[in-house]
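Just below is one structure, and these are the notes that go with it.
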Amino acid sequence: MTDHQNCRRTQYSKEITPELNGKKVIIMGWIHELRDLGGIIFLLLRDRDGVIQVTAPSKKISPELFENIRKFKKESVITVKGVVQDSSKAPGGVEIIPYEVELLTESKLPLPLDTTGKVRAEIDTRLDSRFLDLRKHNVSSIFKIKSRMLHSVRVFLEQNDFIEINTPKLVASATEGGTELFPITYFEREAFLGQSPQLYKQMMMAAGFDQVYEIAPIFRAEEHDTLRHLNEAISIDLEAAFCNHEDVMNILEKLVFNAINDVNTHCKDELKTLEIDLKVPELPFERVEYDEVVDMVNSQGVTLNHGEDLSRAAEKAMGELMEGYYFITGWPTDIKPFYVMPSEEDPKRSCAFDLMYRDLEISSGAMRVHLHDLLVDRIKKQGLNPDSFNRYLAAFEYGMPPHAGWGLGAERFTMCLTGVKNIRETVLFPRDRRRLIP
RNA sequence: GCCCUGGUGGUGUAGGGGCUAUCAUGCGGGCCUGUCGAGCCCGCGACUCGGGUUCAAAUCCCGGCCAGGGCGCCA
């Protein structure tokens with residue numbers, strides 16, 4: 001009788017080493033592969049972190065047990081109770097000789113996709129059966145690295161005295177400008193899904209929190225259809241008072257540096273699975289002025305007029321010229337949002353920056369406008385109505401400190417850490433132009 | 001949204017007006033005691049949908065839907 005309500009493993013597969021020779025263990029997981037050679041059966045049992053071979057020689061185990069194992073199907077969940085056998089013939093130098101096996105749940109066959117890597121599947125097929133796709137270690141490794149990166153970011157920011165905050169994702173106004181928002185029904189009213197915690201982070205500066213961060217979803221209703229855009233993404237957002245853009249750039253580059261180091265030391269197996277050699281960048285990251293970027297892009301034969309945002313071709317041209325991480329600074333004020341502070345020496349240039357990795361923008365930030373009247377001015381100049389910003393603007397009338405901040409795309413950063421080319425690879429259940437399930 | 005390309009067993013593919021629609025993997029059965037992408041034998045399983053051209057369409061044409069790549073959009 002199978003005991004489903006008392007299942008506990010003694011070890012994960014990766015914890016079983018030749019040193020445990022002769023020890024009894026209980027392992028649980030999925031049947032990765034089954035090789036029946038007639039008189040001996042090799043069963044590869046996969047769990048979260050690895051695969052271990054269970055070897056069933058007909059002469060060493062009972063006929064009933066042997067027949068049971070022979071009837072197993074791939075991807076079924078089983079418990080194996082057995083004895084560790086140190087063996088040079090086994091993969092990893094160790095295997096389990098079973099004395100008892102239990103089928104916990106049987107898998108339906110055929111599988112919607114191959115979990116062993118023999119036949120590759122398209123991303124669309126994989127996402128349709130994502131839970132199965134994620135059983136592959138080269139896929140789950142991406143998420144272990146993402147998890148480690150987020151952990152590292154939290155530790156770093158806590159150590160630097162930042163307060164973690166949570167801001168609403170249901171918002172009333174669609175007047176922030178720029179990106180399209182997803183409209184939703186909020187009881188009898190219309191509301192929207194938040195595009196960014198920007199205005200709330202700034203209000204926390206007026207609240208006297210000084211240094212805040214939030215790691216949360218953002219929603220963009222753009223019909224983009226590329227390898228680097230999502231309609232739901234995780235933004236690592238930060239805002240700090242009594243400082244300028246230079247200060248938050250320093251924090252950002254240290255945070256990125258720190259995360260890469262942390263992933264390198266704690267995700268060795270995952271990086272190996274992904275065949276990634278993660279290079280630790282040098283600090284400080286190179287700073288390139290926007291004016292310089294225009295010249296560099298044009299020198300590559302790609303047209304970029306002064307005052308324009310970078311086209312995809314311009315980003316690629318920069319990617320050809322720059323290795324690793326670099327900042328683009330001194331952006332024209334006109335192409336940046338209203339809350340970006342114009343430079344004191346030259347108001348046509350702003351205190352905004354982007355952090356790039358080769359041809360990919362992974363973060364953008366700025367010193368913000370903390371002066372109420374200037375902010376109202378800038379809102380009007382961008383063709384927006386200051387009246388719809390009342391609650392936000394009020395925060396600037398009762399003592400708002402100078403401040404700066406940035407937002408870092410968690411998925412884009414994960415692409416840099418894992419080397420994957422499609423941003424959908426970095427989200428468990430991605431939301432894009434076409435996909436809303438699963 | 002625009003441009004290009006495509007949609008063939010569960011998965012990944014070859015083919016490209018008529019013949020039993022190719023191959024791999026998978027699945028079912030058989031043989032096999034050291035596999036590790038196990039091997040060998042037998043079997044199973046497919047032309048995106050709608051319309052049109054034609055004696056004949058999976059193949060050509062039109063449209064839809066879906067996907068891949070590129071771009072645009074992305075304060």
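The structure displayed is predicted, hence computed values, not measured ones. Just so it is clear: chains get the letters A, B, ... in the order the sequence lines come, proteins before strands, and each one is counted from 1.
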- Message: Once you apply a heavy-atom cut-off of 4.0 Å, does A/Arg433 come out as touching a base, just sugar-phosphate, or nothing?
- Response: sugar-phosphate

- Message: Need one value for A/Asp124: base, sugar-phosphate or nothing, where a base atom within 4.0 Å counts as base even if backbone is also close, heavy atoms only.
- Response: sugar-phosphate

- Item | A/Lys136 and A/Asp114 ion-paired at < 4.0 Å | no

- Would you classify A/Thr116 as touching base, sugar-phosphate or nothing, given that sugar-phosphate means primed atoms plus P, OP1 and OP2, and contacts are heavy atoms under 4.0 Å? nothing

- Query: To the side chain of A/Pro337, which of B/C27, B/G34, B/A75 is closest?
  - Reply: B/A75

- Of the listed B/C71, B/C32, B/U13, the closest approach to the A/Asp36 side chain comes from B/C32

- Message: Applying the Watson-Crick and G-U wobble criteria at under 3.5 Å, what pairs with B/C71? Answer none if nothing qualifies.
- Response: B/G1

- Message: Please check if the number of heavy atoms outside A/Glu289 that lie under 6.0 Å from its CD is greater than 12.
- Response: yes

- Task: Please measure how far the C1' atom in B/C62 lies from the corresponding atom in B/G70, and state the result in whole Å.
- Result: 26 Å

- Query: Can you check the A/Arg120 CZ to B/G68 C1' distance for me, whole Å?
  - Reply: 12 Å

- Item | Charged N-O contact under 4.0 Å between A/Glu106 and A/Lys71 | no

- Query: When you measure from the side chain of A/Glu222, which nucleotide among B/C73, B/A75, B/C32 comes out closest?
  - Reply: B/C73

- Item | Nucleotide nearest A/Gln195 when distance is taken to its side chain, options B/G26, B/A75, B/C73 | B/A75

- Counting only N and O atoms by type, is there a donor-acceptor contact under 3.5 Å from the side chain of A/Asp47 to the main-chain atoms of A/Gly50? yes

- Item | Nucleotide nearest A/Pro110 when distance is taken to its side chain, options B/A67, B/G34, B/G26 | B/G26

- Which part of the nucleic acid, if any, lies within contact of A/Leu227, taking any heavy atom under 4.0 Å across all strands shown: a base, the sugar-phosphate backbone alone, or nothing? sugar-phosphate

- Roughly how many Å is it from CD1 in A/Ile31 to C1' in B/C27, rounded to a whole number? 16 Å

- Query: So with a 6.0 Å cut-off around OH of A/Tyr186, is the heavy-atom count from everything else above 12?
  - Reply: no

- Check every strand shown and say whether A/Pro91 touches a base, only sugar-phosphate, or nothing at a heavy-atom separation below 4.0 Å. base

- Query: Taking a pair as Watson-Crick or G-U wobble with both distances under 3.5 Å, which nucleotide is matched to B/C27?
  - Reply: B/G43

- Testing B/U33, B/G72, B/G34 for proximity to the side chain of A/Lys89, the answer is B/G34

- Message: Counting only side-chain heavy atoms from C-beta out, which of B/A75, B/C36, B/C66 sits nearest to A/Arg434?
- Response: B/C66

- Looking at every strand, decide which applies to A/Asp309 at a 4.0 Å heavy-atom threshold: base, sugar-phosphate, or nothing. nothing

- Where each residue is assigned the nucleotide of RNA chain B containing its nearest heavy atom, which of A/Glu95 and A/Ala121 is assigned the position nearer the 5′ end? A/Ala121

- Heavy atoms under 4.0 Å, any strand shown: does A/Ile41 hit a base, just sugar-phosphate, or nothing? nothing

- Item | Spacing of A/Phe338 atom CZ relative to B/A75 atom C1', expressed in whole Å | 8 Å

- Task: Could you check which of B/U11, B/C74, B/G37 has an atom nearest any side-chain atom of A/Val119?
- Result: B/U11

- Task: Run the ring-centre check on A/Phe389 versus A/Phe396 and record whether the distance is less than 6.0 Å.
- Result: no

- Which nucleotide in the set B/G70, B/G37, B/C66 lies at the smallest distance from any side-chain heavy atom of A/Lys118? B/G37

- Output yes when A/Lys118 and A/Glu33 qualify as a salt bridge under the 4.0 Å nitrogen-oxygen rule, no when they do not. yes

- Rounded to the nearest angstrom, tell me the gap between atom CG in A/Leu193 and atom P in B/C74. 19 Å

- Item | A/Asp114 CG - B/U11 P separation (whole Å) | 12 Å

- Once you apply the 3.5 Å cut-off to both distances, tell me the Watson-Crick or G-U wobble partner of B/U48, or none. B/G64

- Message: Whole angstroms only, please: what is the NE2-C1' distance between A/His224 and B/C3?
- Response: 19 Å

- Query: With a 4.0 Å cut-off on heavy atoms, is A/Gln53 in touch with a base, just the backbone sugar-phosphate, or nothing at all?
  - Reply: base

- Message: Less than 6.0 angstrom from the centroid, inside 45 degrees of the normal: does A/Arg48 satisfy that with respect to the ring of A/Tyr12?
- Response: yes

- Which whole-number value in Å describes the distance from A/His229 NE2 to B/C73 P? 10 Å

- Message: Taking the minimum atom-to-atom distance to the side chain of A/Ala90, which one of B/C74, B/G12, B/U35 wins?
- Response: B/U35

- Item | Whole-Å gap separating P (B/G69) and CZ (A/Arg228) | 11 Å

- Query: When all nucleic acid strands are considered with a 4.0 Å heavy-atom cut-off, which category describes A/Lys316: base, sugar-phosphate, or nothing?
  - Reply: sugar-phosphate

- Task: Between B/G7 and B/G63, how far apart are the C1' atoms? Round to whole Å, please.
- Result: 16 Å

- B/C73 phosphate, OP1 or OP2, under 4.0 Å from A/Arg312 side-chain N/O: no

